[in-house]
Amino acid sequence: MSGVPDRDLVVVGCGPAGCAAAVFAARDGLDVAVFDRGRSSLARCAHLENYPGFPAGIDVGTLSELMRAQAERAGCAVVEDLVESVERADGAPGDAGDPDEPRFVVTPQSGDPVDARRVVAATRYDGEYLRGLDGDEAMFEVHDHGGETHEHFDREYADRDGTTPVDGLYVASPSEADRQAVTAAGRGARVGKKVVADARVDDGWWPAAAEGVDWVRREAELDGEWADRGRWVEWFDAEHADGPVDPNSARFARVREAAVDDALSAYVDADEETARAAAGHRALAERLDPDAVVDAHGADVLLDAMDDEAVAAYAGEEGLDAPQADGGTR
């Protein structure tokens with residue numbers, strides 16, 4: 001082992017919970033790999049009709065493609081491989097260890113092992129790959145069914161924010177309360193936010209400062225005194241004056257600078273807002289059935305939206321202007 005992790009975070013599972021956790025972590029700058037074994041419990045559904053944002057529901061294939069694309073757009077590497085084991089790295093640090101050292105070795109079925117600082121388990125049906133990280137009696141439940149003894153991963157092993165007794169290991173797989181796709185995504189987002197906060201703490205932030213939000217807001221809202229960076233600095237100083245770090249220390253100044261940068265970067269101007277909206281529409285349109293688009297909008301509307309030269313060029317390629325027997329064209 002080199003001592004330098006391949007990834008800040010490995011997420012095992014590419015369903016709603018895993019993708020949500022990965023997106024939140026990657027958008028904050030963490031180096032994230034998501035292992036997609038292709039057997040998400042979401043695939044058992046025929047059609048989702050209660051996931052917000054899709055008035056007529058959404059087929060699971062399209063939703064899965066969109067979630068994967070979102071993870072990749074956020075900066076995640078999506079690896080099509082099955083994780084066979086997650087083990088402690090040699091000399092992995094405890095809570096007081098060096099946070100820059102890898103805590104885990106993630107071994108997939110086909111690819112090379114990956115060193116990771118943190119791991120999010122986001123698979124519903126199988127926790128065998130986690131065996132050995134903690135005592136079996138803590139991670140697994142034993143019950144009798146039909147005269148036979150069965151053992152399965154304890155869905156209540158992790159706290160609500162995904163943290164576990166194993167430093168650096170989080171569980172985002174749905175608990176009994178998070179079995180719907182939308183609640184699974186919410187759990188994943190909550191776990192992703194916790195991963196981000198913990199990574200910031202490792203980088204010198206303190207818990208109250210490390211808690212953040214992930215949103216994009218209009219620059220026009222930065223009116224009056226809040227358009228001045230100095231006002232944000234004053235706010236941070238007042239908010240954390242009684243915190244655990246000396247306000248006159250270099251550490252405080254470094255975290256304050258990063259926190260203010262983070263807050264201000266969330267605001268975009270009108271042109272950027274328009275560009276992001278267009279990119280969002282395009283990403284959705286790329287995964288829509290063309291016939292459904294024509295049926296929804298009508299051919300005339302789509303033709304009006306297209307560039308005339310592009311329509312003419314397409315018509316020419318298809319032979320629509322070829323001479324006919326009657327001397328005309330079609």
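- Residues meeting the ring pair (Phe, Tyr, Trp, His ring centres under 6.0 Å) test with Phe140, sequence neighbours left out: Phe153.
- A salt bridge between Asp31 and Arg117 is absent, with no side-chain N of the basic residue lying under 4.0 Å from a carboxylate O of the acidic one.
- One finds a salt bridge joining Asp136 and Arg131 here, because a Lys/Arg side-chain nitrogen approaches an Asp/Glu carboxylate oxygen to under 4.0 Å.
- Between Tyr170 and Arg118, the closest side-chain pair of non-hydrogen atoms falls below 4.5 Å.
- Salt bridge annotation for Arg254-Glu257: absent, with no cationic side-chain nitrogen under 4.0 angstrom from a carboxylate oxygen.
- Arg217 forms a cation-pi arrangement with Trp215, by the criterion of a distance under 6.0 Å to the ring centre and an angle within 45° of the ring axis.
- Taking the centre of each ring, Tyr129 and Phe35 stay at or above the 6.0 Å mark.
- Taking Asp269 as the reference, nothing meets the side-chain hydrogen bond (donor to acceptor under 3.5 Å, both in side chains) condition, with sequence neighbours excluded.
- The closest side-chain donor-acceptor pair between Thr274 and Asp271, if any, does not fall under 3.5 angstrom.
- For the pair Ala22 and Val11, the tightest heavy-atom approach, listed with the atom from each and the gap, is CB-CG2, 4.0 Å.
- Salt bridge Asp28/Arg200: present, at least one basic N to carboxylate O contact under 4.0 Å.
- Side-chain rings of Phe252 and Trp206 approach one another, their centers coming within less than 6.0 Å.
- Residue Arg68 forms a side chain to side chain contact (heavy atoms under 4.5 Å, CB included) with just one option from Gln70, Glu65, Glu72, and that option is Glu72.
- Checked for salt-bridge contact, Asp115 and Arg7 miss the test: no charged N lies under 4.0 Å from a carboxylate O.
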